Student: 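Can you read through this structure? Questions will come right after.
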Amino acid sequence: MDPIVATPISESSNITNFVVTNRNGVKGLSEMGLKTLPKQYIQPVEERITVSNILPQESIPIIDMSNWDEQKVSESICDAAEKWGFFQIINHGVPLEVLENVQDATHRFFNLPAEEKRKFSKENSPSNSVRFGTSFSPEAEKALEWKDYLSMFYVSEDEASALWPSACKDQVLEYMRRSEPVIQRLLEALMKRINVKEIDETKESLLMGSKRINLNYYPICPNPELTVGIGRHSDVSTLTILLQDDTGGLYVRGNNDSWVHVPPISGSLVINVGDALQIMSNGRYKSIEHRVVANGSKNRISVPIFVNPRPDDMIGPFPEVLAGGEKALYKQVLYSNYVRHFYKKAHDGKKTIEFAKI
C-alpha cells in the first residue's frame, strides 16, 4: 500500500502535476489526508448532484434471469432497454466467487505502490491496449473528476496474459469469460424485438466485435458534494455490463433534471444501453446519461465491461429496423471516429450522439 504522507499537500503545490503528470492519481491525493477539496476538482454548481434533484421513490428495473428462455424475461429486457436504457440482472449465471475475485483484484491493483501502477501509464505502458490514468480526459476538462482507472482493451488471450497487470489479469479474464454467455443472450433478446432474427458474423462484429474492461477506483473525498466521481455521460458501447461494490453512488438520468440511484444488490450486474446500440436500433433502445457521485467516508470500486463494435466498423441503423419504411435518424459513421470524438472532450451528457445524427 502507498505510504500515507504526513504533510498535507498545500494548495500552492502543483496538484495537477502530482496527480496527472506524475501518475499518483487521486488515490495518492486522498491518502495525504486532505481536509478540503483542491480547486481543480470543484465542479460548476450545475454539474453537482443535490438531494433536491434525486427521485428517491424511482428505481431502474431488476430482472431475474433464472429462466432465460421464458418469453417474459426477454420482454422485460427489451422493455427496460426502451424505457430506461438501464436495468439490473440477478441470477444471471456468473458465479458470485468470480465477481468477488475481480473486486479483490481491483483493490489489489490500486493498492500497489504508485511506481508499480505508473508502469501502465500512457508513456510507460507495454501496450496501447492497457492504460492507467485518472479523471476522464484531463487535457480537455475544466474541472477534474475524482476517479482513477485501469483500462484494458481485449485483443487476445495471449496479449492479455502477457501484458495486463499480474495483480489482476487472471481474475479479470475469468470475469470476462464468464460474462460472455450473458452478453450473447441479452443481445439475442434485444435483436429479436427489432426484427434482427439472427446474429450472423457481420452483426456479431457490429454488436460485440471488441471489448474493453475498466477497473475504476473512487477514493474517499474530503468534500464529495463539490465534485463528481464521473460526470454526466452516456457510454459509446453497444452494451455495458457493470459490477459495482456495495458502496453505491451510481445515478441514472430520470425525467427532466432528476436522477435515480442504482442501489447495489449483492451478486447483481447493472446493464446499460450504449450509443452504438441506440444508433443501430435507430433510437428504439436508449443510451441514458449517468454519473457517479464522490464519497466522503468509503473508497468505492466498479468494474464495467464495454461491449463494442470493432474500431474499423461502420455503424448505422440496421436495415431490418428500417425495412418497414422507418426514416433513418442516424448516418453511417466509422466507429473509431465516433469514439475519438467522445474522448477529445470532457463529459457532456448526451452530446456525443449529435456526431451521428442526420
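Source: prediction; values computed, not measured.
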Student: Applying the salt bridge (charged side-chain N to carboxylate O under 4.0 Å, His left out) test to R232, which of E46, E145, E289 qualifies?
Tutor: E289
Student: Side-chain donor-acceptor pair under 3.5 Å between D104 and T106, yes or no?
Tutor: no
Student: Less than 4.5 Å apart, side chain to side chain, heavy atoms only: is that true for S210 and F153?
Tutor: yes
Student: For side chain to side chain contact (heavy atoms under 4.5 Å, CB included), just list the numbers for L239 and L277, CA-CA rounded to whole Å, side-chain angles, deciding distance to a tenth of an Å, and then say yes or no.
Tutor: CA-CA 7 Å; L239 285 180; L277 185 55; 4.0 Å; yes
Student: Indicate whether any N or O donor in one side chain lies under 3.5 Å from an N or O acceptor in the other, for S302 and N216.
Tutor: yes
Student: Under 4.5 Å between side-chain heavy atoms, hopping through other hydrophobics if needed: is there a path connecting F306 to L99?
Tutor: no
Student: Same cluster for V307 and I199 if Ile/Leu/Val/Met/Phe/Trp/Tyr side chains link at under 4.5 Å?
Tutor: yes
Student: Using a 3.5 Å cut-off and no angle test, enumerate the donor-acceptor pairs between side-chain atoms of residues 322-332 and protein atoms at least two apart in sequence or in another chain.
Tutor:
residue	atom	partner	partner atom	Å
E326	OE2	N282	ND2	2.9
Y330	OH	Q278	NE2	2.9
K331	NZ	F355	O	3.4

Student: Only counting residues at least two apart or in another chain, list the ones meeting salt bridge (charged side-chain N to carboxylate O under 4.0 Å, His left out) with D79.
Tutor: R193
Student: I'd like to know whether the aromatic ring centres of H290 and Y251 sit less than 6.0 Å apart in this structure.
Tutor: no
Student: Can you check whether K27's main-chain N or O pairs, donor with acceptor, with S30's side chain at less than 3.5 Å?
Tutor: no
Student: Between T227 and Y41, is there a donor-acceptor pair closer than 3.5 Å when you use the side chain of the first and the backbone of the second?
Tutor: yes
Student: When rounded to the nearest 0.5 angstrom, what is the spacing between CD in E198 and NZ in K192?
Tutor: 10.5 Å
Student: Count I, L, V, M, F, W, Y as connected when their side-chain heavy atoms are under 4.5 Å apart, and connections chain through other members. Are I42 and V228 then in the same cluster?
Tutor: no
Student: Are W68 and I62 linked, directly or through other ILVMFWY residues, by side chains that come within less than 4.5 angstrom of each other?
Tutor: no
Student: Going by distance alone, is a donor N or O of one side chain under 3.5 Å from an acceptor N or O of the other, for S156 and D158?
Tutor: no
Student: Sequence neighbours left out, what passes side-chain contact (heavy atoms from CB on, under 4.5 Å) with S59? Give chain and number order.
Tutor: none
Student: Got a sec: does the CG of N128 have more than 12 other heavy atoms crowding it under 6.0 Å?
Tutor: no
Student: Just by distance, no angles: are the side chains of S151 and R212 close enough, under 3.5 Å, to form a donor-acceptor pair?
Tutor: yes
Student: Does the N223 side chain pair with the main chain of L226, one donor and one acceptor, at a distance under 3.5 Å?
Tutor: no
Student: May I ask you to decide if Y218's main-chain N or O and K147's side chain share a donor-acceptor pair within less than 3.5 Å?
Tutor: no
Student: Are C168 and L215 packed together at the side-chain level, in the sense that at least one heavy-atom pair is separated by less than 4.5 angstrom?
Tutor: yes
Student: Output, in order, the C-alpha distance, side-chain angles, deciding distance and verdict of side chain to side chain contact (heavy atoms under 4.5 Å, CB included) for Q40 and L144.
Tutor: CA-CA 6 Å; Q40 287 91 332; L144 296 170; 4.1 Å; yes
Student: Are R131 and Y149 side-chain neighbours, meaning at least one heavy-atom pair lies under 4.5 Å?
Tutor: yes
Student: Would E180 and R177 satisfy salt bridge (Lys or Arg N to Asp or Glu O under 4.0 Å), going step by step from the backbone distance to the final call?
Tutor: CA-CA 5 Å; E180 190 76 13; R177 273 194 291 272; over 6 Å; no
Student: Is there a side chain to side chain donor-acceptor pair (under 3.5 Å) between D275 and S234 once you walk through the steps?
Tutor: CA-CA 7 Å; D275 288 358; S234 59; 2.8 Å; yes
Student: I'd like to check L250 versus L242 (side-chain heavy atoms, cut-off strictly below 4.5 Å). Are they in contact?
Tutor: yes
Student: Do W146 and L37 come close enough that some side-chain heavy atom pair is under 4.5 Å?
Tutor: yes
Student: Between W164 and M152, is there a donor-acceptor pair closer than 3.5 Å when you use the side chain of the first and the backbone of the second?
Tutor: no
Student: For a 4.5 angstrom cut-off between non-hydrogen side-chain atoms, does P219 reach E31?
Tutor: no
Student: With the side chain counted from C-beta on, respond yes when P95 and R178 share a heavy-atom pair under 4.5 Å apart, and no when they do not.
Tutor: yes
Student: Quick one: pull up CD in E174 and CD in E97 and give me the separation to the nearest 0.5 Å.
Tutor: 9.0 Å
Student: Just checking, any donor-acceptor pair under 3.5 angstrom between side chains of D313 and S205?
Tutor: yes
Student: Is the shortest distance from a Lys or Arg side-chain nitrogen in E354 or K357 to a carboxylate oxygen in the other one below 4.0 Å?
Tutor: yes
Student: Does atom CD (E123) have a neighbourhood of more than 12 heavy atoms from anything else shown, all under 6.0 Å?
Tutor: yes
Student: Within the 3.5 Å criterion, strictly below it, is a donor on N111 or R108 matched to an acceptor on the partner's side chain?
Tutor: no
Student: Kindly determine whether L243 and E100 satisfy side chain to side chain contact (heavy atoms under 4.5 Å, CB included), including the steps that lead there.
Tutor: CA-CA 10 Å; L243 171 64; E100 288 170 348; over 6 Å; no
Student: If we ignore hydrogens and angles and just use 3.5 Å, is the side chain of T352 paired with the main-chain N or O of F342 as donor and acceptor?
Tutor: no
Student: Can you name the closest pair of heavy atoms from V130 and L163 and give their distance?
Tutor: CG2-O, 4.1 Å
Student: Test of understanding: with ring-ring contact (aromatic ring centres under 6.0 Å, His included), list the residues that count as partners of H92, not counting sequence neighbours.
Tutor: none
Student: Is it true that F87 and V73 fall in one hydrophobic cluster, defined by side-chain heavy atoms closer than 4.5 Å?
Tutor: yes
Student: Classify the side-chain pair N101/Y175 by whether it contains a donor and acceptor separated by less than 3.5 Å.
Tutor: no
Student: Does E201 CD have over 12 foreign heavy atoms under 6.0 Å away?
Tutor: no
Student: With no hydrogens and no angle check, is any side-chain donor or acceptor of N67 less than 3.5 Å from a backbone partner on D69?
Tutor: no
Student: Does the K286 side chain pair with the main chain of G283, one donor and one acceptor, at a distance under 3.5 Å?
Tutor: yes
Student: Would you confirm whether H233, through its side chain, and R291, through its main-chain N or O, come within 3.5 Å as a donor-acceptor pair?
Tutor: no
Student: Residues in ring-ring contact (aromatic ring centres under 6.0 Å, His included) with Y217, at least two apart?
Tutor: F110
Student: Kindly indicate whether the side chain of M191, heavy atoms from C-beta on, has any atom under 4.5 Å from the side chain of F318.
Tutor: yes
Student: Let me check something: any side-chain donor-acceptor pairs from residues 264-272 under 3.5 Å, sequence neighbours excluded? List them with distances.
Tutor:
residue	atom	partner	partner atom	Å
S268	OG	Q88	OE1	2.8
S268	OG	I265	O	2.9
N272	ND2	D235	OD2	3.1

Student: Please test Y335 against N308 for side chain to side chain contact (heavy atoms under 4.5 Å, CB included), starting from the C-alpha separation and ending with a verdict.
Tutor: CA-CA 9 Å; Y335 186 64; N308 312 306; 3.5 Å; yes
Student: Please round to the nearest 0.5 Å and tell me the distance separating atom CE of M65 and atom CD1 of I90.
Tutor: 10.0 Å
Student: Say whether, by atom type as modelled, one donor and one acceptor occur between the side chain of R48 and the main chain of Q43 under 3.5 angstrom.
Tutor: yes
Student: When I77 is tested against each of I89, L190, L187 for side-chain contact (heavy atoms from CB on, under 4.5 Å), which residue passes?
Tutor: L190
